Structures are given as structure tokens and as C-alpha cells.
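In this text the structure is predicted, and so the values were computed from the model without any measurement. Throughout, residue positions are numbered sequentially from 1 according to the sequence presented.
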Amino acid sequence: MSLSITWLAALVTAAIPLLYELVLWWTQRQRPAHVARTAHANLRAEWFAAVSSVPGSEILAVQTLRNSLMSATMIASTAAIGLMGAASLVAPSLHPPLEAGNLWLHITPRLAMELLLLATLFASLVYSVMAVRYYNHVGFIVSMPVGSAQRGFWAASGAVYVRRAGLLYGWGLRHLILVAPMLGFIVHPLAGPAAAVLVVVALWGFDRLAPGH
């Protein structure tokens, strides 16, 4: 396969998810009720408001947050393991360009995709770890007795934190899914665009939300 076709396959592999995210961002701004990300963020905020208004719900709220925290922790652990594997994959490819003294002049489509894979896994790790951080903060807030002065003082922060934690968790999981087209390209350049299309179709099924559902 010629180098130009390989570069084109790499660009298409990266461009398809990027264009999809731009379309989703535009849709979210124009019709937020049709995007699951917005609806779920509102759901978490309403959940926090509900458990903050019912005395005796502290234990149930903490258990719910514990499940969310454990899920984010699993995503972070998976991303960390993948990051270590990707680093071992990228290291041999980096040696020749670095020894030549100019990385950009000797970069190949495969090396570019491996670096993108590394960056995507690192982003997934960071998003998931930050989600764990915010879920942990919310756990302390919802464990305060409903009606206490301390609970009222931290209520606004808790509503912000639970929305932010959910969004960060979603981005962490999303970046883990977006690894698939890059791995497909590494196996075979033409598999990258095909995997990107399949991933975008799957994501659209998760992101689309009919109003009232």
C-alpha cells in the first residue's frame, strides 16, 4: 500500500469521529432535548435535588454514588492499563525518528496513529480520575444530614459536582471507545476508517434521545 493512501486512511480515521463530535456539539446547542448527554446531566442534578429534600435518604444517596465512583474507577484502571500497553507499543517506533534528530520529518502514519492512541488513552484516564474526584466530593456532601446547615451550605456545589462528575465519566468512557478505530488502523490502515464509521454509528445510537424518553 502506498504511503499517500496510508496517510489518507489515517486522516479519515481521525476525521470521522472528530466531525461526529462537532455535529453532536451543534445538535446539543440547537436541540439539547435530543441529546442524551444533556438529559442525563439534568437527571443527575434532579437526583441530587431530590435526595437533598428527603430526610433519611443519605445512606441510599451514598450507595448510589459509590456505584458511580466504582464504575469511574474501573474506567480509569482500564485506561491506565491500556496506556501502559500503548506506551510499550509506541516506544520502539519512536526510537528511529528520535535517533535521526527530527521526529516530524520521520513520522509515519502508523507512528502518528500510535501517538494519537496514546493521547486518547491518557485523556480517558484523566477524565475518569477527575470523575472519581468529583463523585468523592459529592459523597461527602450527600452524607451530611438533610436539613443541616452544612448540607445547605454545600448544596449548590454538590449539584455542580454531580453534573460535572457525570460528564467527565462520559468523556472518559467515550475516549475509551474511540480507541477502536486507531487499533483497527494499526492492524491494517483500511480497517481504521471502517472501524471509525462503526464506532460513530454505535455512538449515535447512544447519544440520540427522543424527547420524553
Side-chain angles (χ1 to χ4, degrees), residues 17-18 20-22 24-25 28-29 32 35-90 115-180 182-183 199 202-203 206-207 209:
L18 178 60
Y20 171 75
E21 291 298 331
L22 290 174
L24 185 65
W25 172 81
Q28 187 175 5
R29 289 180 62 88
V35 179
R37 183 184 302 168
T38 305
H40 294 159
N42 294 333
L43 169 65
R44 288 185 291 271
E46 292 175 5
W47 170 85
F48 183 84
V51 298
S52 297
S53 63
V54 180
S57 62
E58 295 86 356
I59 295 177
L60 178 62
V62 170
Q63 290 176 337
T64 302
L65 284 172
R66 181 186 62 185
N67 294 337
S68 299
L69 190 148
M70 290 300 297
S71 181
T73 302
M74 291 178 61
I75 297 298
S77 301
T78 303
I81 294 172
L83 188 62
M84 290 185 288
S88 63
L89 178 69
V90 174
L115 292 174
L116 184 59
L117 171 65
L118 200 66
T120 303
L121 287 170
F122 180 73
S124 177
L125 175 62
V126 172
Y127 284 131
S128 302
V129 169
M130 293 302 294
V132 170
R133 174 175 176 262
Y134 282 112
Y135 276 133
N136 184 54
H137 292 336
V138 178
F140 280 102
I141 295 172
V142 298
S143 64
M144 296 177 182
V146 174
S148 64
Q150 293 81 3
R151 179 70 173 261
F153 179 81
W154 287 100
S157 297
V160 173
Y161 288 169
V162 75
R163 287 177 65 98
R164 193 172 296 173
L167 290 172
L168 288 167
Y169 169 78
W171 277 109
L173 180 59
R174 196 177 200 85
H175 278 71
L176 207 58
I177 295 173
L178 290 175
V179 163
M182 304 168 200
L183 292 176
V199 166
L203 286 176
F206 291 115
D207 293 328
L209 184 69

Asker: Please walk me through it: do F48 and I141 pass side chain to side chain contact (heavy atoms under 4.5 Å, CB included)?
Answerer: CA-CA 10 Å; F48 183 84; I141 295 172; 3.9 Å; yes
Asker: Would you find more than 12 non-hydrogen atoms of other residues, nucleotides or ligands less than 6.0 Å from L22 atom CG?
Answerer: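 Yes.
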Asker: Identify the two heavy atoms, one from T38 and one from P32, that lie closest to each other, and give their separation to 0.1 Å.
Answerer: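 Nearest pair, atom of T38 first, then P32: CB-O, 3.5 Å.
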Asker: Can you tell me if E58 uses its side chain to pair, donor with acceptor, with the backbone of G56 under 3.5 Å?
Answerer: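 Checking the backbone N and O of G56 against the side chain of E58, a donor-acceptor pair under 3.5 Å is found.
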Asker: Tell me, do L125 and T78 make a side-chain contact under 4.5 Å, heavy atoms counted?
Answerer: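 In short, these two side chains do not touch, never coming nearer than 4.5 Å.
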Asker: Considering the options L118, L117, L116, which one meets the side-chain contact (heavy atoms from CB on, under 4.5 Å) requirement together with T120?
Answerer: L116
Asker: On a heavy-atom basis, which atom in V146 and which in S53 lie closest, and how many Å separate them?
Answerer: CG1-C, 4.2 Å
Asker: Report yes if the side chains of N136 and L69 come closer than 4.5 Å at any heavy-atom pair, otherwise no.
Answerer: yes
Asker: When you compare the side chain of D207 with that of Q28, does any pair of heavy atoms fall below 4.5 Å?
Answerer: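 When only atoms from C-beta onward are counted, D207 and Q28 do not touch, as no gap falls below 4.5 Å.
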Asker: Can you name the nearest heavy-atom pair linking A165 to A131, along with the distance?
Answerer: O-CB, 3.5 Å
Asker: Do H137 and R164 have side chains that get closer than 4.5 Å, going by heavy atoms?
Answerer: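 Result no, sub-4.5 Å side-chain heavy-atom pair not found.
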Asker: With heavy-atom distances below 4.5 Å as the criterion, would you say the side chains of L203 and L178 are in contact?
Answerer: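 Of all side-chain heavy-atom pairs linking L178 with L203, at least one is under 4.5 Å.
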Asker: Check whether any side-chain heavy atom of R163 lies under 4.5 Å from a side-chain heavy atom of N42, and answer yes or no.
Answerer: yes
Asker: Kindly compute the distance separating OG (S52) from CH2 (W154), expressed to the nearest 0.5 Å.
Answerer: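 That separation rounds to 14.0 Å.
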Asker: Which heavy-atom pair separates V51 from S57 by the least distance, and what is that distance?
Answerer: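 Smallest interatomic distance, heavy atoms only, reads O-OG, 2.7 Å.
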Asker: So which atom in A76 and which in V129 form the shortest heavy-atom distance, rounded to 0.1 Å?
Answerer: CB-CG2, 4.1 Å
Asker: Any side-chain heavy atom of W47 within less than 4.5 Å of one from L65?
Answerer: yes
Asker: Which heavy atom of A41 sits nearest to which heavy atom of L167, and what is that distance?
Answerer: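 Here A41 and L167 meet closest at CB-CD2, 4.5 Å.
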Asker: Could you grab the distance from atom OH of Y127 to atom CZ of F122, nearest 0.5 Å is fine?
Answerer: 11.0 Å
Asker: Could R37 and W171 be counted as a cation-pi pair, given that NZ or CZ must be under 6.0 Å from the ring centre and within 45° of the axis?
Answerer: yes
Asker: Sub-3.5 Å donor-acceptor pair from the side chain of S71 to the main-chain atoms of N67, do we have one?
Answerer: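 Not at all, since once roles are kept as given, no pair shorter than 3.5 Å links the two residues.
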Asker: Does any non-hydrogen side-chain atom of I75 lie less than 4.5 Å from one of H175?
Answerer: no
Asker: With rounding to the nearest 0.5 angstrom, report the CE to CZ distance, M144 to F153.
Answerer: 9.5 Å
